[in-house]
Amino acid sequence: NHGWVQWSVFEGVSLGIPSCNFCKRRLYPIRAQGVNPSAEPLQPHEVAKLLQEPGIEDSLLESYTIWLKFLGLRLVDKETGQLARTERGFDARTRNIRQNPHNLLRVSRVMQWLSEFHMEHYSESFLLCLLAERKAYGWTVSPTGRASAFADSVMRYYMWCFRNAARRERVRSVVQG
């Protein structure tokens with residue numbers, strides 16, 4: 001089980017997505033100290049050990065698809081990381097995300113996690129999809145003309161989750177239009 005939370009733990013919970021900090025740390029461990037001071041950051045030797053485990057790629061991908069489901073998205077192509085809206089529930093999920101802007105912190109965590117576990121190509125596709133869907137999520141320019149919290153987060157935080165400079169530049173060019 002690679003230390004990941006088992007899917008059965010989530011049965012009966014909305015979309016099978018846990019809201020507790022324990023579950024977020026277990027599904028998307030990162031080396032950075034998160035918002036929760038009692039959460040222990042992932043250590044480099046733990047990453048190395050996990051990456052050697054048989055079947056870890058499937059476990060990582062399952063964790064990622066849980067996150068996508070939370071956002072109302074699905075993975076279309078494992079090779080490219082291409083995403084699309086889910087057939088059902090997209091509107092409800094985007095409404096939830098608009099009403100709960102703390103989800104922007106979760107975006108950052110998942111992007112760091114993807115990079116940590118050598119899945120950065122998913123991060124790029126993920127962020128480009130969110131940029132394409134930003135109107136649906138309510139992440140557009142505010143009525144005052146200021147950039148939305150999402151656009152600000154992309155430029156100030158999310159882009160820096162990419163270890164690869166070329167990926168960072170591709171995202172920057174999309175944001176800056």
Side-chain angles (χ1 to χ4, degrees), residues 2-7 9-10 13-36 39-43 46-47 50-51 56-78 80-86 89-90 93-94 96-98 100-134 136-139 148-164 167-168 170-171 174-175:
H2 309 295
W4 307 106
V5 176
Q6 295 297 307
W7 181 256
V9 171
F10 307 137
V13 177
S14 175
L15 290 176
I17 306 300
S19 61
C20 66
N21 283 329
F22 169 79
C23 296
K24 284 183 283 200
R25 288 192 319 264
R26 299 291 287 181
L27 283 171
Y28 314 107
I30 57 175
R31 283 196 263 175
Q33 178 63 52
V35 176
N36 182 347
E40 293 184 24
L42 186 67
Q43 299 300 311
E46 294 172 315
V47 173
L50 281 169
L51 288 172
I56 189 64
E57 294 86 7
D58 293 335
S59 293
L60 293 168
L61 198 54
E62 182 179 2
S63 293
Y64 182 55
T65 58
I66 289 170
W67 168 245
L68 294 175
K69 189 174 180 182
F70 176 76
L71 293 171
L73 299 171
R74 63 185 171 82
L75 183 61
V76 175
D77 186 323
K78 289 181 185 180
T80 65
Q82 180 185 358
L83 304 176
R85 293 179 177 192
T86 54
F90 180 78
R93 299 311 314 147
T94 57
N96 170 289
I97 291 162
R98 272 194 310 276
N100 298 292
H102 66 274
N103 286 308
L104 295 175
L105 292 172
R106 292 179 177 155
V107 170
S108 180
R109 180 178 196 92
V110 170
M111 289 190 60
Q112 290 176 52
W113 170 77
L114 288 167
S115 290
E116 190 70 58
F117 285 93
H118 307 249
M119 299 169 64
E120 199 167 80
H121 72 287
Y122 288 121
S123 277
E124 182 178 10
S125 298
F126 170 66
L127 192 53
L128 291 174
C129 178
L130 291 183
L131 286 165
E133 294 286 2
R134 64 184 146 196
Y137 286 111
W139 294 332
S148 69
F150 175 69
D152 184 56
S153 292
V154 169
M155 295 303 285
R156 293 178 67 196
Y157 306 109
Y158 305 157
M159 282 184 22
W160 303 106
C161 293
F162 294 114
R163 295 177 180 173
N164 180 295
R167 292 183 197 279
R168 235 185 346 263
R170 280 193 293 271
V171 170
V174 170
V175 172

* Asked: Below 4.5 Å, heavy atoms only, C-beta onward: do R31 and E116 meet side chain to side chain?
  -> yes
* Asked: What distance do E57 atom CD and K78 atom NZ have between them, rounded to the nearest 0.5 Å?
  -> 11.0 Å
* Non-hydrogen atoms of C161 and S108 that approach each other most closely -> SG-O, 3.9 Å
* Which heavy-atom pair separates L130 from L71 by the least distance, and what is that distance? -> CD2-CD1, 4.4 Å
* Carboxylate-amine/guanidinium contact R163 E120, below 4.0 Å -> no
* Apply the test side-chain contact (heavy atoms from CB on, under 4.5 Å) to residues V171 and L127: give CA-CA distance (whole Å), side-chain angles for both, the deciding distance (0.1 Å), then the verdict. => CA-CA 8 Å; V171 170; L127 192 53; 3.6 Å; yes
* Asked: Is there side-chain contact between Y122 and L83, with heavy atoms separated by less than 4.5 Å?
  -> no
* Do I30 and P41 come close enough that some side-chain heavy atom pair is under 4.5 Å? -> no
* Structure fact -> Residues D77 and T80: closest non-hydrogen pair is OD1-N, 3.1 Å
* **Partner of M111 by side chain to side chain contact (heavy atoms under 4.5 Å, CB included), out of Y28, W160, Y158** => Y158
* Begin from the C-alpha positions of Q82 and S125 and carry the test side chain to side chain donor-acceptor pair (under 3.5 Å) through to its verdict. => CA-CA 6 Å; Q82 180 185 358; S125 298; over 6 Å; no
* Structure fact -> Interatomic distance, CE@M119 vs CG@L61, rounded to 0.5 Å, equals 5.5 Å
* S123 versus F162, closest heavy-atom pair with distance -> CB-CE2, 3.5 Å
* Asked: Quick one: are L50 and F117 in side-chain contact, heavy atoms under 4.5 Å?
  -> yes
* Asked: Given side chains that start at C-beta, do those of V107 and F126 come closer than 4.5 Å, heavy atoms only?
  -> yes
* Compare every heavy atom of K69 with every heavy atom of R93, then report the nearest pair and how far apart it is. => CG-O, 3.9 Å
* To do: Examine W67 together with F70 and report whether their ring centres are nearer than 6.0 Å.
  => yes
* Structure fact -> Note: L60 and W113 closest approach over all heavy atoms is O-CH2, 3.2 Å
* Check for a donor-acceptor pair, side chain of E133 on one end and backbone N or O of L131 on the other, with a separation under 3.5 Å. => no
* Asked: Is H121 close to R167 at the side-chain level, that is, under 4.5 Å between some pair of heavy atoms?
  -> yes
* Asked: Hey, are the side chains of L68 and R74 touching, using non-hydrogen atoms and a 4.5 Å cut-off?
  -> no
